[in-house]
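Labels below follow one simple rule: chain letters A, B, ... track the order of the sequence lines, proteins then strands, and each chain is numbered from 1.
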Amino acid sequence: MTRPSPPSGSEKTGPDAFALLHRGVQRWVWERRWTSLRPIQEQAIRPIIGGDTDVLLAAATAGGKTEAVFLPVCSVLARDAEHGESTGIQAVCLSPLKALINDQHTRLTDLCARIGIPVTAWHGDIGVIQKDRLREEPSGILLITPESLEAMFVTRGSTVARLFADLRYIVVDELHAFLGTARGAQLRSLMHRLERAAGHRAARIGLSATLADLRAAAEFLRPGEGDRVTILEDRGAGKQLLLQVRGYVADLREDAEGGACDAATGHLYQVVRTGHNMVFVNSRAEAESCAAALSEFAEQDRIPNPFTPHHGSLSAELRAHAEQRLKNRSAPATIVCTATLELGIDVGWVDTVVQLGTPPTVAGLRQRLGRSGRGSAPAKLYVYITEQSLPETPVERLRLDLVQTVAMVELLLRRWCEPPDLETPHLSTLVQQILSVLAQHGGASALRLYRELCADGAFPGVDEQTFADLLRALGAHGIVTQERSGLLLPGKVGETLLNHYSFYSAFDTVEEYTIATVDGDMGTMPISPAVDTGALLAFGGRSWQVVEVKPAERRVLVVPARGGGVPPGFAGVPVPVSDGVRQHMREVYLGTDVPRYLDEAAAILLEEGRMAFREIGLADLHVHEYDGETLLFPWRGDRVVETICHLLRWVGIKAAHAGALVTVPDVPPERLRGAVSRLVKAGPPDPVDLAGMVADKRRHKYDHYLGEELLSRSYAAQALDVPGAMRFLEQLSG
DNA sequence: GACCTGCTGCGGTTTG
């Protein structure tokens with residue numbers, strides 16, 4: 001066969017970056033007939049082969065990140081193998097999804113087989129045979145979830161040091177998915193514990209979507225040394241974006257199925273009835289009802305139904321089937337999905353991305369948009385916003401959904417996105433990690449625990465005093481117990497937690513029913529609200545009738561029905577709106593220009609919102625009286641708004657958080673101002689005291705073992721912003 | 001009205 005000339009180098013990396021790759025790896029690249037490596041792939045070779053620096057690689061989905069990491073990693077491993085130097089797993093790749101691991105396993109197997117490096121995929125669906133094989137002969141590359149790695153520490157702690165003795169690289173896939181989350185705190189701790197078990201540092205390599213603050217991501221990757229991480233970014237060629245925000249009005253009070261909703265769905269149908277498209281919605285119920293509504297249009301048109309719902313309550317099989325339909329280019333296919341398809345699961349390029357309703361976050365909107373634009377074709381995004389007809393209340397007149405959407409699109413175009421909270425210690429996850437370390441070593445001293453978990457910043461911000469307080473609280477709850485020698489062991493409750501498989505995840509989930517048909521399980525639904533025999537359900541894009549509920553087995557049996565199903569009552573918590581978005585909403589109200597990406601109806605809605613903003617007098621005031629209630633408009637994120645409510649309650653005023661605003665019943669503006677002035681004069685309470693007043697402070701899996709004092713401190717740090725709230729109250733009183 | 005993610009070990013039954 002003919003050999004194309006090797007890919008050429010760029011100025012920045014020198015002409016011989018490709019030459020640094022192992023011969024077997026070079027051969028594999030030639031066989032792929034790649035005419036050149038992408039810039040980020042070339043830039044990554046030198047620092048990764050050098051092995052003496054951590055690397056953060058940021059590029060859009062399908063930007064070739066996986067190869068950028070594994071061409072050099074495999075080169076190093078292949079050379080080691082030739083010198084017979086390795087006796088253990090040399091590279092661990094931590095990934096947030098099982099589907100991504102399967103994907104990567106397929107992609108890497110061919111390259112690695114070529115150079116004789118074993119690749120092992122390891123997660124809950126992988127059989128015990130493959131796992132045993134790796135435990136007996138540890139070597140090569142391990143692709144694993146944080147939860148499975150956690151399980152390895154807990155159930156076979158004594159073997160970890162041997163398995164990872166030769167560890168050179170820790171790769172984190174989709175790093176942005178971990179930032180600022182419980183799972184992220186766990187991941188950080190696991191990386192730290194891996195290096196401690198190995199007895200040396202490994203080069204950490206993070207793969208991320210392009211995010212606004214890559215320095216913050218670097219700091220997450222190597223706490224305390226983020227400024228020494230090598231950052232490689234491929235911002236792409238600045239792909240052209242075709243964007244339209246479409247406005248609709250619907251009278252929600254009279255008929256939820258009203259005419260304007262149909263108008264929006266009717267237009268949407270015309271946009272997505274052909275080609276390959278993704279419609280993102282903000283809830284699982286909406287994914288079901290929207291897919292059903294679109295399917296009805298298809299039925300009326302007598303065309304094969306191209307619409308499939310996709311969300312987290314559907315079984316893995318049904319989801320894989322939907323993904324397969326979208327990938328298959330021979331027939332039109334449109335998937336109606338929630339955030340499940342934001343992460344990097346490969347569904348190929350799609351023609352058009354649609355967002356129904358306000359996007360959840362700017363970062364999420366960017367991820368969703370990134371799915372569109374095949375090759376050099378422009379990315380195409382439609383956003384549909386439905387506001388109420390005949391608005392009466394200030395909230396209705398302000399057209400908040402549309403204005404929030406405009407603010408988010410503007411921020412997206414400026415490359416801004418929500419900053420993750422990386423500073424606050426995640427005490428719930430620290431509880432999990434304490435138990436895990438005790439299981440790993442069969443007990444440990446308090447000092448060893450502190451060194452292993454908190455030193456070097458795996459849990460930044462946890463000082464020795466806080467750690468001691470935490471251990472005391474855990475002792476009081478039977479999570480840990482102390483021997484006379486001082487050795488800490490899991491307590492009775494701790495043992496129970498450790499012995500159940502649900503221990504390995506850092507996040508919490510509620511128990512659910514499995515929805516079962518004669519052909520197999522379709523997915524899950526909440527146990528509450530209760531479902532009765534005979535009820536009609538819309539699920540997986542079809543209608544079903546419940547024939548039996550088996551509470552003991554946690555199963556609901558269903559049979560196909562002819563239609564009329566309603567989506568199950570999925571439970572959920574709101575996604576908080578960030579400070580940056582709310583502050584920019586105020587700018588949008590104060591502005592006068594009408595963005596070109598608004599259709600006529602959306603432009604009218606924006607003008608209506610701006611007019612209401614001026615009429616209510618919000619340009620100068622942040623307070624308004626309506627229908628016996630005083631309304632406050634802080635134009636700040638949900639965290640600040642929530643804190644304002646707590647501060648008002650602190651001085652005896654009943655205040656409620658309602659989206660962007662605070663409502664205060666039965667207190668006229670003047671009296672409220674007086675109370676706020678006194679609060680400002682007296683100065684704010686200690687945030688921990690303020691938190692102490694909050695009835696239910698539990699937010700994370702193990703929060704209820706923290707004890708009142710630590711829980712208040714944790715809540716104050718994570719959920720409150722007292723300085724931010726005081727700034728608004730000072731404006732109000734001033 | 002409101003996202004997503006993950007999971008061991010063992011005992012039992014069935015099948016070739």
Geometric class of the Tyr702(A)/Phe503(A) ring pair [parallel <30°, tilted 30-60°, perpendicular >60°] = tilted
ask   = With under 30° as parallel and over 60° as perpendicular, where do the rings of Tyr248(A) and Tyr384(A) fit, or are they tilted in between?
value = parallel
Under 4.0 Å, counting only non-hydrogen atoms across every strand here, what does [X] touch: a base, just sugar-phosphate, or nothing?
X         : value
Arg156(A) : sugar-phosphate
His123(A) : sugar-phosphate
Pro360(A) : nothing

What's the closest nucleotide to the [X] side chain, out of [options]?
X         : options                : answer
Thr155(A) : dG6(B), dC3(B), dG9(B) : dG9(B)
Ala339(A) : dC3(B), dG6(B), dA2(B) : dC3(B)
Lys131(A) : dC4(B), dT8(B), dG6(B) : dT8(B)
Tyr501(A) : dG6(B), dC3(B), dC7(B) : dC7(B)
Lys98(A)  : dC7(B), dA2(B), dC4(B) : dC7(B)

request  = Examine distances only and state if a side-chain atom of Glu136(A) and a backbone atom of Lys131(A) form a donor-acceptor pair shorter than 3.5 Å.
outcome  = no
ask   = Just by distance, do the side chain of Thr405(A) and the backbone of Asp401(A) share a donor-acceptor pair under 3.5 Å?
value = yes
Integer-rounded Å distance: [N] [atom2] and [X] [atom1]:
X         : N      : atom1 : atom2 : value
Glu396(A) : dG1(B) : CD    : P     : 14 Å
Trp122(A) : dT8(B) : CH2   : P     : 9 Å
Glu512(A) : dT5(B) : CD    : P     : 11 Å
Ile126(A) : dG9(B) : CD1   : P     : 15 Å
Ile144(A) : dG6(B) : CD1   : C1'   : 12 Å
Phe503(A) : dT8(B) : CZ    : P     : 13 Å
Phe570(A) : dA2(B) : CZ    : P     : 10 Å
Asp401(A) : dG1(B) : CG    : P     : 13 Å

ask   = Relative to the 5' end of DNA chain B, which residue comes earlier, Ser283(A) or Tyr504(A), by the nucleotide with the nearest heavy atom?
value = Ser283(A)
ask   = Looking only at heavy atoms, what is the nearest atom pair of Ala291(A) and Phe307(A), with distance?
value =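 Smallest heavy-atom distance, with atoms named: O-CB, 4.3 Å.
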OP1 or OP2 of [N] less than 4.0 angstrom from a side-chain nitrogen or oxygen of [X], does that happen here?
X         : N      : value
Arg183(A) : dG6(B) : no
Ser148(A) : dT8(B) : yes
Arg319(A) : dC4(B) : no
Thr145(A) : dC7(B) : yes

query = Can you check salt bridge (charged side-chain N to carboxylate O under 4.0 Å, His left out) on Arg183(A) and Glu147(A), steps first, answer last?
reply = CA-CA 9 Å; Arg183(A) 236 180 154 194; Glu147(A) 288 76 13; 2.9 Å; yes
